[in-house]
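What follows is one structure encoded as structure tokens, with my remarks underneath.
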Amino acid sequence: MSGPYKSFRMKTVKLIVVGFGTIGKGVLEVLRMKRKYVEDKYEVSLLVAAICEVSGTLVNPKGIDIDSALECAQRGKLREHPDWKPIKTLDAIKDIEGDIVLELTPGDIKTGEPGLSHIIAALESGKNVVTSNKAPLAIRFHELTGLAQKKGLALGYEATVGGAIPIINLYRDNLEINQVNSIYGILNGTSNYILTKMFEEDITLDTALKEAQELGIAERDPTYDINGVDTAVKLVILANSLMGKRISYKDICVTGITGVSTDSLELAKKHGYAIKLIGDVVNMEVSPRLVPLNHPLNVSGTLNAIMLDTDVAGTLTLVGHGAGKIQTASSVFSDIMDIVRG
Ligand SMILES: NC(=O)c1ccc[n+]([C@@H]2O[C@H](COP(=O)([O-])OP(=O)(O)OC[C@H]3O[C@@H](n4cnc5c(N)ncnc54)[C@H](OP(=O)(O)O)[C@@H]3O)[C@@H](O)[C@H]2O)c1
């Protein structure tokens, strides 16, 4: 909207960003790109009221300047930012005025912390939550979604599964009358990259992993990617949110990709198959499986693919980037925009 009435009608939505790592920075970069679009279309100004890091918090009720915050973070000198204050994350979440807490920290899969406490504190203090952190959802899915419902607040977790693939909100907004009979998915880009490289270049898992680490695709500690735990955690979130199940990641039988050899891939190829790490909700299992070369789940590199079998819409397959700071920020914004519209 343009013209003299703009400032009268513009509503402000205050964001509290918790965790200023890859995704936190990606979200601010996308906000910088798309802020005007949101203002023009919805007459809503998205303002960053706080950015919480382990060492302290940037706070500015009038809105933190995104360029300078990103620039200080780039130099590893967030403390030098004029808005820096020695406020602890939980205190910031409870005490700083805000509409949406963006919970973007890494989660411990055994405890769900620190994200679990962040999400509970945000909801308890009347703030909506959008998170990319799968651990708290995988451990306490129904408790957290129940708390949000009780408080009349939103808890968006689109970015926890499949990176940029908008599977959760697609189901909620467009497939609600469908019963989902099964979900199969390639939900971990690192293991898919490794299996693709082993298949295409006949190299060992160790060599493919080393290459993935050099390219920044695999983390320094890729244990959860390789042993299938990351896939299991995402499968739990899909099963609970799309199929109404009440499971946690301990209910999934998990086998990773460490047992996949170049010989087994060679044999599979000879018979027209690839080997993929598949999450399967029906059998509550994550395991390497044979996938026909012309099957929609045979996606390569870091791509993710999710196949739903439904009673009305039939079979749907979604393919997209399973990670990446800008791609994942797209899913974070899917949830933010839902709150802005609602
Ligand atoms: N990267 C991706 O492509 C991707 C895709 C989908 C989902 N995710 C999920 O999104 C979340 C963030 O991922 P990321 O890649 O951005 O991780 P990251 O680069 O490690 O960033 C996380 C940030 O959170 C900070 N942090 C940790 N504990 C905190 C606390 N108590 N209070 C405030 N800040 C805290 C960390 O600070 P320190 O460095 O000082 O510990 C770090 O700066 C994770 O749960 C991840 O699984 C990531």
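Both backbone and side-chain heavy atoms feed into the values below; hydrogens, waters and symmetry mates do not. In listed order, ligands and their atoms are each counted from 1.
The ligand atoms of ligand 1 that sit less than 4.0 angstrom from a heavy atom of K134 are 47 (O). Less than 4.0 angstrom separates some heavy atom of T89 from each of these atoms of ligand 1: 30 (C), 32 (N), 33 (C). Listed by atom number, the atoms of ligand 1 under 4.0 Å from N133 heavy atoms are 45 (O). Of all atoms in ligand 1, listed by their number and element, those nearer than 4.0 Å to a heavy atom of A159 are 6 (C), 7 (C). Under a 4.0 Å criterion applied to the non-hydrogen atoms of C52, ligand 1 contributes the atoms 33 (C), 34 (N). Counting atoms of ligand 1 from 1 in the listed order, those under 4.0 Å from a heavy atom of A323 are 3 (O).
For atom 13 (O) of ligand 1, the nearest non-hydrogen atom of the protein is I23 CG1, 3.7 Å. Ranking protein heavy atoms by distance to atom 21 (O) of ligand 1, first place goes to G21 CA, 3.2 Å. Remark: minimum distance from atom 5 (C) of ligand 1 to any protein heavy atom is reached at T328 OG1, 3.3 Å. Nearest protein heavy-atom contact of atom 44 (C) of ligand 1 is T105 O, 3.3 Å.
Considering backbone and side-chain N/O of E53, one or more are found under 3.5 Å from N/O of ligand 1. Looking at G324 next to ligand 1, an N or O pair under 3.5 Å apart turns up.
Of the charged side-chain nitrogens involved, none lies within less than 4.0 Å of a carboxylate oxygen, so that E266 and K270 do not count as a salt-bridged pair. Ion pairing between E124 and K94 fails under the 4.0 Å rule for side-chain N and carboxylate O. Look at E214 and K210 and you find a salt bridge, because one of the NZ, NE, NH1 or NH2 atoms lies within 4.0 Å of a carboxylate O, short of that distance.
The backbone and the side chain of V54 each have at least one atom closer than 4.0 Å to an atom of ligand 1 (non-hydrogen atoms only). Residue-level proximity to ligand 1 for L104 is carried by the backbone, the only part with a heavy atom below 4.0 angstrom.
Listed for the D108 side chain is no donor-acceptor partner under 3.5 Å among the backbone atoms of E113. The main-chain N or O of Y157 is found under 3.5 Å from a side-chain atom of D335 such that the two form a donor-acceptor pair.
Residue-ligand proximity: H118 is placed with a non-hydrogen atom under 4.0 Å from ligand 1. Within the 4.0 Å heavy-atom cutoff, G163 does not count among the residues contacting ligand 1.
The presence of a protein heavy atom under 4.0 Å from atom 10 (O) of ligand 1 is confirmed.
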Residue pair R289, D280: steps toward the salt bridge (charged side-chain N to carboxylate O under 4.0 Å, His left out) verdict: CA-CA 10 Å; R289 301 239 183 121; D280 167 358; 2.9 Å; yes
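Residues T89 and H118 have side chains that never bring a donor and an acceptor to within less than 3.5 angstrom of each other. D221 and T223 share a side-chain donor-acceptor pair at under 3.5 Å. Side-chain polar atoms of Y224 and E219 form no donor-acceptor pair below 3.5 angstrom.
Taking hydrophobic clusters as Ile, Leu, Val, Met, Phe, Trp and Tyr residues chained together by side-chain heavy-atom distances below 4.5 Å, V17 does not share a cluster with L90.
In this structure, of G56, G189, S132, the residue bringing a heavy atom nearest to atom 8 (N) of ligand 1 is S132. For atom 15 (O) of ligand 1, the choice among V18, T22, V233 with the nearest heavy atom turns out to be T22. Ranked by closest heavy atom to atom 20 (O) of ligand 1, the top entry among P106, A135, G19, G26 is P106.
The shortest side-chain heavy-atom distance between E201 and T207 does not fall under the 4.5 Å cut-off.
Rounded to the nearest 0.5 Å, atoms CE (M198) and CG (D206) are 9.0 Å apart.
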